[in-house]
> 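There's a structure below that I have some questions on.
Whatever order the structure lists them in is the order used to number ligands and atoms, beginning at 1.
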Amino acid sequence: MIDNVQLNAEGKLKHFITIEGLSNMLLTEILDTAESFVGMTDQQIKKVPLLRGKTIVNLFFENSTRTRTTFELAAKRLSADVLSMSISTSSTSKGESLLDTIRNLEAMFVDMFVVRHGISGAAHFIAQHTAPHISVINAGDGQHAHPTQAMLDMFTIRQIKKDFTQLRVAIIGDILHSRVARSQIQALNILGAAEVRVIAPLTLLPAHVETLGVSVSHNLTEGLKDIDVIIMLRLQKERMTSALLPSESEYFKCFGLTESKLKIAKPDAIVMHPGPINRGVEIESKVADGPQSVILKQVSNGIAVRMAIMSMAMQPQGGV
Ligand code: ASP
């Protein structure tokens, strides 16, 4: 369990590293704040001056498309100066340590780091070692957490379904390697979802998965019954160290979401995916592009939700 390095003495957000340990009130505050930014997107001038004069550095040690660009847009819409760095192609490949990279950026008077790293715990490590005025936002660390993704998913669910307490949510696929699933399960439980069900082959589930606060099914046809929200996950082949599946086509046959399987869930069920999607592996194109899919809505909502988290973490500390 992570210590609450994320909250300041007044219980306000300082860093955003994990959903674990946060309150329903704080998650709801993030969702409400994001709501106030959503309308901005269709305005002529899509900017607010909340973070004017602040410098945000996106430190991406792992690839990303959606997360990196929506963080960048969110920072720009808050009027911050933003710098995006792909570290795998720069100084660490010359042998510089993570802390030396951080120290050098601190020397440039940075106010916030947005960090994606392949190693679980990297963002927490940086938050513990960086200068006290700097906020750290976790943009995905190893298999551990992807809290801003989970919050944009919660925002999208609330936008459409309104009340978490009535909802049965299924998370389907590679739970074992998914930082997204871990953060979603925590958020859904904190927000009071009626049920969080994971549906996956045994080889793609962590040991003792029930202790995370989920029910478990190994059969998609049975598992989709009564479901309001379907969250599909990508097979994280880059994190698989051994063969956990017979083949992708076998996987699609058993766990791929097709139009006919979708009919088993509630008729108004929504289909979500954090992206990138692999068509024909975990999801059929007709479903991904179909009327129940909210996959692109998730991407759009990512901007408002990241604006909310960044602005909350950089509220003047000490009650100014
Ligand atoms: N984009 C998500 C992540 O960074 C999900 C994925 O890669 O499958 O974890």
> Among side-chain atoms of Glu106 and Thr130, is any donor-acceptor pair under 3.5 angstrom?
yes

> For atom 7 (O) of ligand 1, what is the closest protein heavy atom, and at what distance to 0.1 Å?
Arg234 NH2, 3.0 Å

> Do His146 and Arg116 have a side chain donor and acceptor closer than 3.5 Å?
yes

> When you measure from the side chain of Lys162 to the backbone N and O of Ile157, does any donor-acceptor pair fall under 3.5 Å?
no

> Looking at Asn63, I'd like to know if its CG atom is crowded, meaning that more than 12 non-hydrogen atoms belonging to other residues, nucleotides or ligands lie closer than 6.0 Å.
no

> For Arg179, which part has a heavy atom under 4.0 Å from ligand 1: side chain, backbone, both, or neither?
side chain

> Strictly by modelled atom types, are Ser215 and Glu195 linked by a side-chain donor-acceptor pair under 3.5 Å?
yes

> Hey, which atoms in ligand 1 end up nearer than 4.0 Å to a heavy atom of His146?
3 (C), 4 (O), 9 (O)

> Just distances here: any N/O of Pro274 and N/O of ligand 1 closer than 3.5 Å?
no

> With distance as the sole criterion, is a donor-acceptor pair present between the side chains of Arg182 and Thr18 under 3.5 Å?
no

> Of Gln236, Glu238, Glu282, which has the heavy atom at the shortest distance from atom 6 (C) of ligand 1?
Gln236

> Between Lys76 and Glu72 (salt bridge meaning N to carboxylate O under 4.0 Å), is one present in this structure?
yes

> Can you find an N or O of Thr67 that's nearer than 3.5 Å to an N or O of ligand 1?
no

> Give the residue and atom name of whichever protein heavy atom lies nearest to atom 5 (C) of ligand 1, and the separation in Å to one decimal.
Gly275 O, 3.2 Å

> Report, in ascending order of atom number, the atoms of ligand 1 lying under 4.0 Å from any heavy atom of Pro276.
6 (C), 7 (O)

> Could you tell me whether Arg116 approaches ligand 1 through its side chain, its backbone, both or neither, with non-hydrogen atoms closer than 4.0 Å?
side chain

